[in-house]
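Notes for the one structure printed next.
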Amino acid sequence: MSRIVTVGAAQLGPINREHSRAEVVERLLVLLRQAAQQGCDLVVFPELALTTFFPRWFVQDISEYDHYYERSMPNAATQPLFDEAKRLGIGFCLGYALLAEDGKRWNVQTLVDKDGSIVATFKKVHIPGHEHHEPDRPFQHAERYYFEPSPDGFGVWRAFGGLFGMMICNDRRWPESYREMGLQGVEMILCGYNTPIHYVPDPSQDILQGFHNSLVMQSGAYQNGTWVVGVAKGGVEEGVDSLGQSVIVAPSGQIVAQAFTTDDELIVARCDLDWCYRYKNTLFDFNRYRRPEVYQRITGQRGAVLPD
Ligand code: CDT
């Protein structure tokens, strides 16, 4: 038995502030066409794939940065991507900033089916960084100023003949993200990211960025018996070096494809969704082996409570 989804992880190199949406969409189209040539059913683009990673700068008046947010999806700038994907019969997942009609600001990923219809739009749950300007930093990571944390949590949707979930960047570091989707039977998780190499609060972690990136996605895949597709916007963007190393991880926890540049680069894997059941039906047979009755702290408290 096999259910193959051929997936492309379309890593992007830097997008600078002067790059227009039209220029970026042209780059996405190049990767989309490569993916179609390589037989992909689905191509995954990174977090904030239409703009530079603008939370590295702080503006007192947030509306000055409204131009970094989309008001709707698709829109005039991204319609060529939707049209070409539908013509090629290929689905895609796109990360971008959304300014909703009610004024709320979200960091989102939209999953689009092969016929051009929207499967779902996922909002980032774990918003890292800081809320206020921190002038002593070499660059800001003010995501908590620019985005609200999703109240919706992690959904799983039927698409591409399987069960698909999404998460965005920092979400991949939290085991709860994978487990929430694992408990809905997820078979493939799609995750875009922008990860600066320099972690200002603790630079001893800088050299470990690549290790931590694969560590969390490999363990999340294995412990939930799911494929995980992690896609970077990497390279030196506006002077800030960001991790590449986009990966496609099997339910065994093994990396089956990895980007070797920090630029626009497509990696592809033929993913058998039925391989998930080697793990879901054995070692990680949740129904048989999980003990939710003794996991109450996981949803009952936020921070650690130390013993007396
Ligand atoms: N985009 C994003 O979530 N980046 C964070 C950076 C670390 S927190 C400053 C990440 O988890 O990769």
Side-chain angles (χ1 to χ4, degrees), residues 9-15 17 44-58 65 68-70 93-98 105-110 122-150 153-154 165-178 189-220 228-247 249 258-259 262:
Q11 179 176 282
L12 290 176
I15 299 174
R17 63 201 308 175
V44 186
F45 296 109
E47 177 191 30
L48 299 181
L50 295 172
T51 63
T52 197
F53 189 78
F54 60 89
R56 75 169 62 88
W57 298 292
F58 192 88
Y65 273 9
Y68 284 126
Y69 295 77
E70 312 305 310
C93 181
L94 181 71
Y96 57 95
L98 176 68
R105 296 168 190 271
W106 308 105
N107 187 343
V108 304
Q109 260 177 205
T110 293
F122 165 80
K123 302 182 182 108
K124 187 172 181 173
V125 171
H126 300 95
I127 309 290
H130 48 102
E131 293 82 356
H132 307 292
H133 190 218
E134 296 190 5
D136 292 341
R137 288 176 175 253
F139 55 89
Q140 305 293 300
H141 198 106
E143 273 196 73
R144 294 174 72 85
Y145 177 63
Y146 290 111
F147 301 116
E148 295 196 31
S150 168
F154 297 94
M166 291 185 269
M167 59 186 181
I168 300 180
C169 195
N170 193 259
D171 290 328
R172 77 195 189 285
R173 302 186 190 273
W174 299 89
E176 293 87 349
S177 310
Y178 303 86
I189 299 176
L190 313 175
C191 177
Y193 61 90
N194 284 255
T195 293
I197 302 282
H198 182 40
Y199 183 57
V200 179
D202 176 16
S204 77
Q205 297 181 29
D206 295 4
I207 199 168
L208 301 173
Q209 289 292 358
F211 168 62
H212 290 157
N213 183 54
S214 50
L215 175 73
V216 291
M217 288 192 278
Q218 288 184 261
S219 54
V228 175
V229 182
V231 190
K233 173 139 65 67
V236 181
E237 187 180 87
E238 298 288 359
V240 177
D241 197 6
S242 291
L243 187 70
Q245 298 185 15
S246 298
V247 282
V249 184
Q258 183 164 32
T262 51

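First listed ligand is number 1; within each ligand, the first listed atom is number 1. All residue numbers refer to positions in the sequence shown, counting from 1.
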**Item:** For atom 3 (O) of ligand 1, closest protein heavy-atom neighbour
**Value:** Lys124 NZ, 2.8 Å
**Request:** Give the atoms of ligand 1, by number and element, whose distance to some non-hydrogen atom of Glu47 is under 4.0 Å.
**Result:** 1 (N)
**Message:** Quick one, Phe54 and Arg17 - any side-chain contact, counting heavy atoms below 4.5 Å?
**Reply:** no
**Request:** State, with a plain yes or no, whether a side-chain heavy atom of His130 is found less than 4.5 Å away from one of Gln140.
**Result:** yes
**Message:** Quick check: do Glu143 and Phe53 have side-chain heavy atoms less than 4.5 Å from each other?
**Reply:** yes
**Asked** Around atom CH2 of Trp174, are there more than 12 heavy atoms of other residues, nucleotides or ligands at under 6.0 Å?
**Response** no
**Asked** Does some side-chain heavy atom of Leu215 sit less than 4.5 Å from a side-chain heavy atom of Leu208?
**Response** no
**Prompt:** Between Thr195 and Arg172, does any side-chain donor sit less than 3.5 Å from a side-chain acceptor?
**Reply:** yes
**Request:** Report yes if some N/O of Glu143 lies less than 3.5 Å from some N/O of ligand 1; otherwise report no.
**Result:** yes
**Asked** Does some non-hydrogen atom of His126 fall short of 4.0 Å from ligand 1?
**Response** no
**Item:** For atom 6 (C) of ligand 1, closest protein heavy-atom neighbour
**Value:** His141 CE1, 3.6 Å
**Complete:** Asn194 heavy atoms within 4.0 Å reach ligand 1 at atoms 1 (N), 2 (C), 4 (N)
**Request:** Could you tell me which atoms of ligand 1, counted from 1 in the order shown, lie closer than 4.0 angstrom to a heavy atom of Arg173?
**Result:** 10 (C), 11 (O), 12 (O)
**Message:** For atom 5 (C) of ligand 1, what is the closest protein heavy atom, and at what distance to 0.1 Å?
**Reply:** Cys169 SG, 3.8 Å
**Closest approach of any protein heavy atom to atom 8 (S) of ligand 1, naming residue and atom** = Pro128 CB, 3.6 Å
**Complete:** Under 4.0 Å from one or more heavy atoms of Asn170, ligand 1 contributes atoms 3 (O), 10 (C), 11 (O)
**Complete:** Quick look: Phe53 vs ligand 1, heavy-atom contacts under 4.0 Å, and the answer is side chain
**Prompt:** Mind checking whether Met167 and Val228 have side chains closer than 4.5 Å, heavy atoms only?
**Reply:** yes
**Asked** Which ligand 1 atoms does Arg172 reach within 4.0 Å, using its non-hydrogen atoms?
**Response** 12 (O)
**Prompt:** Do Phe154 and Phe122 pass the ring pair (Phe, Tyr, Trp, His ring centres under 6.0 Å) test, and can you show the C-alpha distance, the side-chain angles, and the key distance before you say yes or no?
**Reply:** CA-CA 8 Å; Phe154 297 94; Phe122 165 80; 5.6 Å; yes
